[in-house]
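Chain letters run A, B, ... following the sequence lines, proteins first, then strands; residues in each count from 1.
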2 protein chains.
Amino acid sequence: MERVDDLQDEKASGWRQRAVSRSLSAVRTRAERRVQRLLDAAFELIDERGTSEFTIQDVVERSKQSLRGFYQYFDGKDELLFALLEESIRESVEDIRESVEPESEPLKRLRAFTIRLHEWCGPLGTQQKRGAHNRLPLSEFSLQLAIRDPERVAAVMAPISRMLVELLDAAVAADALRATDTRRAALLIQQTVMYSWLMNRLAGKTGVQVTAEDAWEFCLHGLGG
Amino acid sequence: MERVDDLQDEKASGWRQRAVSRSLSAVRTRAERRVQRLLDAAFELIDERGTSEFTIQDVVERSKQSLRGFYQYFDGKDELLFALLEESIRESVEDIRESVEPESEPLKRLRAFTIRLHEWCGPLGTQQKRGAHNRLPLSEFSLQLAIRDPERVAAVMAPISRMLVELLDAAVAADALRATDTRRAALLIQQTVMYSWLMNRLAGKTGVQVTAEDAWEFCLHGLGG
DNA sequence: AGGCGCTGGCAATTAGATTCTCATTTTGGG
DNA sequence: CCCAAAATGAGAATCTAATTGCCAGCGCCT
């Protein structure tokens, strides 16, 4: 399905481009629309049901496609999930970057990153952002996927990890923080921030909750700030 | 492995009661032996395969029971999983307590707790403990179960949480630590320590790993020690 | 026009969990 | 020791959801 003469053109930037041949532009357009519909349908289901447990059938029906079609584009359910996760992380990275940019001091930048990331991973606060998706279900499956395919998840989350390491390096360089290994520090921060919703859920009705601020304070001092 | 009979009198754990309460005292002994066999078989499978993904069939065959029998004692697979988790946590609490007792200073006690808990939740180190089970698969479970039934998991982990809060309260009382809310602090510590194996797995081959020591330092400073 | 890949619609297959049925065995009471 | 009720064992049947297979149109490219 891939033609040699297509490869000499501009460098493709994402999986979307590489996935479909350009010589068959009409087919490609159709295919992309199709894939997009599947993704949209899946997102809708997640938002509506507040859970990541939909069936392929649901997705197919909602998107008015056929099972046959689904398996034409995705090797299986996991592939769909990864695609959703990738898409979602793309959005969040963009959003977080916007949130970090206006700050100039290394520590404030790091703080902005932390707080925003926390918001992205947890349940929607009272202040719903634009037409953003309900991200909790996605966090849930990132957890499940991390258990059965950690490398894949790591790859998908790489953009976030990279940004975090950069911010940490900057902070260390500016002497605002001391950390022997920023990558290790990044792991600790990610864990604390991205999955605090899990512990909050476990805490349940006891009323104790770890807020974005709490998480930030904990990380900051934890790294000796 | 045949240490079941003496449980008849002492206070049985939650799942044990639930599982056996249906049949009354006479059959009880037999029933308990049966339940125990199922649990042993499940533990064996987990240890051998290093994963928590066995089928009920496997368990039934290994324990020389029948499906009928399995469902007589457990309402479903989740019940079995919870039973295993409960059992495993019982062991760990015991072990952690032994590890904490010899220490007298509040901070050292807290440290002992943290380090030991970390060892319990992660992959087996080079120093295998007694006939201890491979606990990583169980940690994986606990994570999955925490996603679909958080309250239940919270209940099962309560003994650990309680111990931690006590240690924290003691440390705060001794002025060795300042924390506005020890329960919140407990959540953060649990999260950092119990699930660092997940992040380590995500870090994968990059070589960066969070050790028990790292986790402890992070928590200690994070809480302002 | 003709061929071929893309598609829709569906039946078939697979894997596991959970239930059901029936023949046997065990238990408790007389 | 004998019987009715409860407990079991074996294995078939049912169910859910994912994944594949099959076949007949349809539209695009040459």
Side-chain angles (χ1 to χ4, degrees), chain A residues 1-6 19-38 41-42 45-46 49 51-84 137 141 144-145 148-149, chain B residues 4 8 18-39 41-42 45-46 49 51-84 137 141 144-145 148-149:
Chain A
M1 80 170 57
E2 204 159 324
R3 307 288 320 199
V4 181
D5 45 307
D6 300 325
V20 188
S21 166
R22 209 175 307 158
S23 71
L24 306 172
S25 61
V27 178
R28 184 190 65 166
T29 302
R30 206 172 15 157
E32 286 208 351
R33 175 174 307 127
R34 220 164 264 263
V35 167
Q36 192 57 49
R37 271 210 200 150
L38 288 168
L45 285 169
I46 288 178
R49 305 190 182 171
T51 172
S52 54
E53 284 168 29
F54 51 80
T55 71
I56 304 290
Q57 275 298 340
D58 292 334
V59 175
V60 164
E61 280 170 24
R62 164 86 53 142
S63 63
K64 300 191 202 306
Q65 313 271 307
S66 66
L67 265 184
R68 183 70 187 61
F70 175 84
Y71 284 101
Q72 169 104 39
Y73 297 113
F74 296 98
D75 280 344
K77 192 175 186 179
D78 277 6
E79 294 304 313
L80 173 63
L81 306 194
F82 273 116
L84 292 173
F141 63 58
Q144 305 194 165
L145 292 176
R148 71 169 171 282
D149 194 349
Chain B
V4 194
Q8 194 163 326
R18 281 194 299 282
V20 182
S21 63
R22 309 178 182 188
S23 50
L24 288 181
S25 54
V27 230
R28 189 185 197 134
T29 298
R30 197 169 30 147
E32 287 212 353
R33 176 173 307 129
R34 221 162 264 250
V35 167
Q36 190 58 48
R37 272 213 200 147
L38 288 168
L39 292 176
L45 285 170
I46 288 179
R49 305 190 182 170
T51 172
S52 53
E53 283 168 29
F54 53 79
T55 70
I56 304 291
Q57 275 298 341
D58 292 334
V59 176
V60 164
E61 282 169 23
R62 164 87 53 143
S63 64
K64 300 190 201 307
Q65 313 271 306
S66 65
L67 267 183
R68 179 74 183 60
F70 175 84
Y71 284 102
Q72 167 114 37
Y73 297 115
F74 296 98
D75 280 344
K77 193 174 184 178
D78 276 7
E79 293 304 313
L80 173 63
L81 305 194
F82 272 116
L84 292 173
F141 269 180
Q144 305 198 163
L145 291 176
R148 69 170 171 282
D149 194 348

### Message
Quick check: closest heavy atoms across V59(A) and A41(A), and the distance to 0.1 Å?
### Response
O-CB, 3.8 Å
### Message
Using whole Å, what does the distance between atom P of nucleotide dG16(C) and atom CG of L80(B) come to?
### Response
16 Å
### Query
Does dT8(D) have OP1 or OP2 sitting under 4.0 Å from an N or O in the side chain of Q72(B)?
yes
### pair R148(A)-D78(A): side-chain heavy atoms closer than 4.5 Å
yes
### Message
So which atom in Y71(B) and which in G76(B) form the shortest heavy-atom distance, rounded to 0.1 Å?
### Response
CE2-CA, 4.1 Å
### Task
Give a yes/no verdict on a cation-pi contact between K77(B) and F54(B), requiring under 6.0 Å between NZ or CZ and the six-membered ring centre and an angle within 45° of the axis.
yes
### Query
Do L45(B) and T51(B) have side-chain heavy atoms sitting under 4.5 Å apart?
no
### Query
Distance check: side-chain N/O of Y71(A) vs OP1/OP2 of dC6(C), anything under 4.0 Å?
no
### Task
Could you check how far CZ of R30(A) sits from P of dG5(C), rounded to whole Å?
14 Å
### Query
Using a cut-off of 4.0 Å on non-hydrogen atoms, how would the nucleic acid contact of F70(A) be classed: base, sugar-phosphate, or nothing?
nothing
Set out, line by line, the N/O atom pairs under 3.5 Å between protein and nucleotides 4-6 of chain D.
none

Pick out the pairs of N or O atoms, protein on one side and nucleotides 9-11 of chain D on the other, that lie under 3.5 Å.
residue : atom : partner : partner atom : Å
dG9(D)  : OP1  : R34(B)  : NH1          : 3.1
dG9(D)  : OP2  : R34(B)  : NH1          : 2.9

#### Entry: Axis deviation across the helix from dA1(C)-dT30(D) to dG30(C)-dC1(D), five-pair ends, to the nearest 10°
10°
### Summary
Interatomic distance, CG@L67(B) vs CD@Q72(B), rounded to 0.5 Å, equals 12.5 Å
### Task
Find the distance L45(B):CG to dG16(C):C1' and express it as a whole number of Å.
15 Å
### Query
Can you tell me how far OG1 of T29(A) sits from CZ of R34(A), rounded to the nearest 0.5 angstrom?
12.0 Å
### Task
Can you tell me the distance, in whole Å, between the CD atom of E53(A) and the P atom of dA17(D)?
10 Å
### Query
What's the spacing between F74(B) CZ and I56(B) CD1 if we round to 0.5 Å?
9.5 Å
### Task
Using whole Å, report how far CZ of R37(A) lies from P of dT7(C).
11 Å
